[in-house]
Amino acid sequence: MTAESELRSGYVALLGKPNAGKSTLLNCLLGQKIAAVSAKPQTTRKRILGILNLPQAQVLFLDTPGILGRTDKRLTAYMQREAWSVIKDADLAVLLVDCLKPDRRRDEQIADRLHEAKIACICTLNKIDKIDRLELLPMIEHYSGLPGVSQVIPISALSGDGVDDLLLEIVNALPPGPAYYPRDQLSDQTERLLAAEIVREKVFKLMRQEIPYSTAVDVIDYREPGSSDAPVEIEAEIWVERDSQKGMVIGAAGRTIKLIGTQAREELEQLLGRKVVLRLFVKLKRDWTRDPQALAELGYKPD
Ligand code: GDP
Ligand code: MG
């Protein structure tokens with residue numbers, strides 16, 4: 001048997017209420033500040049796909065929207081649907097509990113749903129650096145009793161305490177499978193996000209106050225050829241809400257969009273260390289900021 005055929009791989013959904021420590025854990029596991037990219041407004045709408053390549057496994061982390069976040073009603077419903085649509089395709093769920101503020105009822109509901117969907121669940125009690133061991137024991141007992149929960153692992157995503165144990169259990173819970181992404185790739189989502197962010201930044205810079213918050217950038221295609229002399233090819237849509245804004249982004253004789261494209265391309269080339277072909281399209285998406293479908297296309301994600 002070759003090493004490749006012994007590989008384990010799969011999608012892992014990170015679940016937990018806002019502030020449970022999902023991004024911190026992802027950063028800790030990946031050893032990179034990927035989730036920090038999502039701190040900026042545009043990219044927070046994107047779902048992060050962090051890829052962890054280990055000699056024996058490829059773990060694909062889905063950072064799901066916080067279920068039951070407290071925003072307006074429509075978004076909440078949207079987020080829940082979105083969250084579960086992500087989870088449905090996961091091989092494993094990691095339920096992150098903030099042990100300083102556990103929400104047992106909600107966690108039970110999540111565990112129940114995972115159990116019904118036959119998705120294995122590892123429960124992690126996070127922030128143990130801030131809690132007394134004696135308080136932890138009843139919590140471990142409680143969470144061990146939830147349906148479908150195979151393990152309860154206390155960790156501190158901040159200090160890294162327990163995270164190795166968690167990773168070991170995650171890998172063990174994954175099925176044997178192929179590498180879904182090239183083994184040297186950290187996260188194609190990260191580069192896509194960066195590309196979207198850079199284009200959007202140029203739109204902001206060049207348009208000043210005229211089109212402030214009604215634009216979004218969606219990278220629709222990102223191709224990175226194996227040979228490093230070949231350019232990375234990126235296609236992105238700049239979304240605007242109104243017809244008049246479309247004309248403004250394009251500019252007289254296409255000058256504005258051309259400038260946006262040139263500046264974004266130059267910055268991307270520096271960042272990626274190789275040639276980039278960047279194609280930009282301006283797309284009218286009436287009232288996209290209020291349209292759940294459009295938000296979904298953009299991979300809307302709260303936190
Ligand atoms: P998310 O909303 O689930 O992605 O949560 P974040 O990862 O953004 O974390 C929310 C807050 O909790 C941040 O201030 C983190 O620094 C903090 N935090 C996360 N993990 C830990 C931990 O293990 N210990 C402590 N003390 N704080 C943590
Ligand atoms: Mg987060």
Side-chain angles (χ1 to χ4, degrees), residues 11-52 59-72 75-76 78-80 82-84 86-87 90 92-111 113-114 121-137 139-140 143 151-170 186-187 189-190 193 197 299-303:
Y11 288 89
V12 177
L14 275 181
L15 308 179
K17 64 179 184 183
N19 283 322
K22 296 178 297 297
S23 302
T24 309
L25 178 60
L26 199 65
N27 283 336
C28 182
L29 285 165
L30 300 177
Q32 300 247 356
K33 280 271 166 204
I34 287 200
V37 173
S38 77
K40 297 193 185 165
Q42 149 89 6
T43 52
T44 52
R45 299 204 193 96
K46 293 281 187 186
R47 186 184 307 148
I48 293 170
L49 176 63
I51 303 176
L52 181 61
V59 191
L60 305 154
F61 287 101
L62 304 164
D63 187 20
T64 54
I67 309 170
L68 303 189
R70 240 174 296 142
T71 52
D72 77 79
L75 261 186
T76 304
Y78 168 78
M79 278 152 52
Q80 292 199 33
E82 179 72 0
W84 286 106
V86 172
I87 294 160
L92 173 71
V94 172
L95 174 59
L96 202 61
V97 176
D98 179 346
C99 68
L100 304 178
K101 285 188 210 148
D103 184 338
R104 291 188 175 193
R105 236 189 96 226
R106 205 187 81 119
D107 293 334
E108 272 165 35
Q109 286 171 353
I110 294 175
R113 282 191 78 164
L114 290 170
C121 176
I122 295 175
C123 178
T124 48
L125 304 179
N126 190 31
K127 309 193 186 180
I128 55 165
D129 54 295
K130 284 273 191 214
I131 196 174
D132 201 275
R133 294 268 151 182
L134 285 177
E135 281 179 68
L136 203 55
L137 290 177
M139 239 185 280
I140 293 176
Y143 280 97
Q151 310 259 356
V152 178
I153 303 174
I155 65 162
S156 167
L158 205 58
S159 74
D161 201 15
V163 173
D164 284 347
D165 290 341
L166 171 63
L167 187 54
L168 199 68
E169 295 304 335
I170 289 174
L186 184 64
S187 162
Q189 206 59 18
T190 312
L193 289 178
E197 192 151 302
Y300 183 89
K301 181 186 167 302
D303 323 345

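Every number for a ligand or one of its atoms is a count from 1 in the order of the listing. Remember, predicted model here, so these are calculated numbers, not experimental data.
- The distance criterion of under 3.5 Å between nitrogen or oxygen atoms is not met by Ser159 with respect to ligand 1.
- Contact record, Cys121 with Leu95: SG-CB, 3.9 Å, taken as the closest heavy-atom pair.
- Here the CG atom belonging to Leu166 is positioned 12.0 Å from the CG atom belonging to Asp161, to the nearest 0.5 angstrom.
- The closest donor-acceptor contact from the side chain of Asn126 to the backbone of Ala157 lies under 3.5 Å.
- Residue contacts with ligand 1, taken as heavy atom pairs separated by less than 4.0 Å, involve Leu158 via backbone and side-chain atoms alike.
- At least one heavy atom of Ala20 sits under 4.0 Å from some atom of ligand 1.
- Between Gly21 and ligand 1, an N or O atom pair is found at a separation short of 3.5 Å.
- Of all heavy-atom pairs spanning Cys28 and Gly160, the tightest one is SG-CA, 3.9 Å.
- Only the side chain of Lys130 comes within 4.0 Å of ligand 1, judged by heavy-atom distances.
- The N/O atoms of Ala157, backbone and side chain alike, include one that comes under 3.5 Å of an N/O atom in ligand 1.
- Under the 3.5 Å distance criterion, the side-chain polar atoms of Lys22 are matched with a main-chain donor or acceptor of Gly16.
- Only the side chain of Asn126 comes within 4.0 Å of ligand 1, judged by heavy-atom distances.
- For ligand 1, the atoms lying closer than 4.0 Å to a non-hydrogen atom of Asp129 are 22 (C), 23 (O), 24 (N), 25 (C), 26 (N).
- The minimum heavy-atom distance linking Asn19 with Lys127 is given by the pair O-NZ, 2.8 Å.
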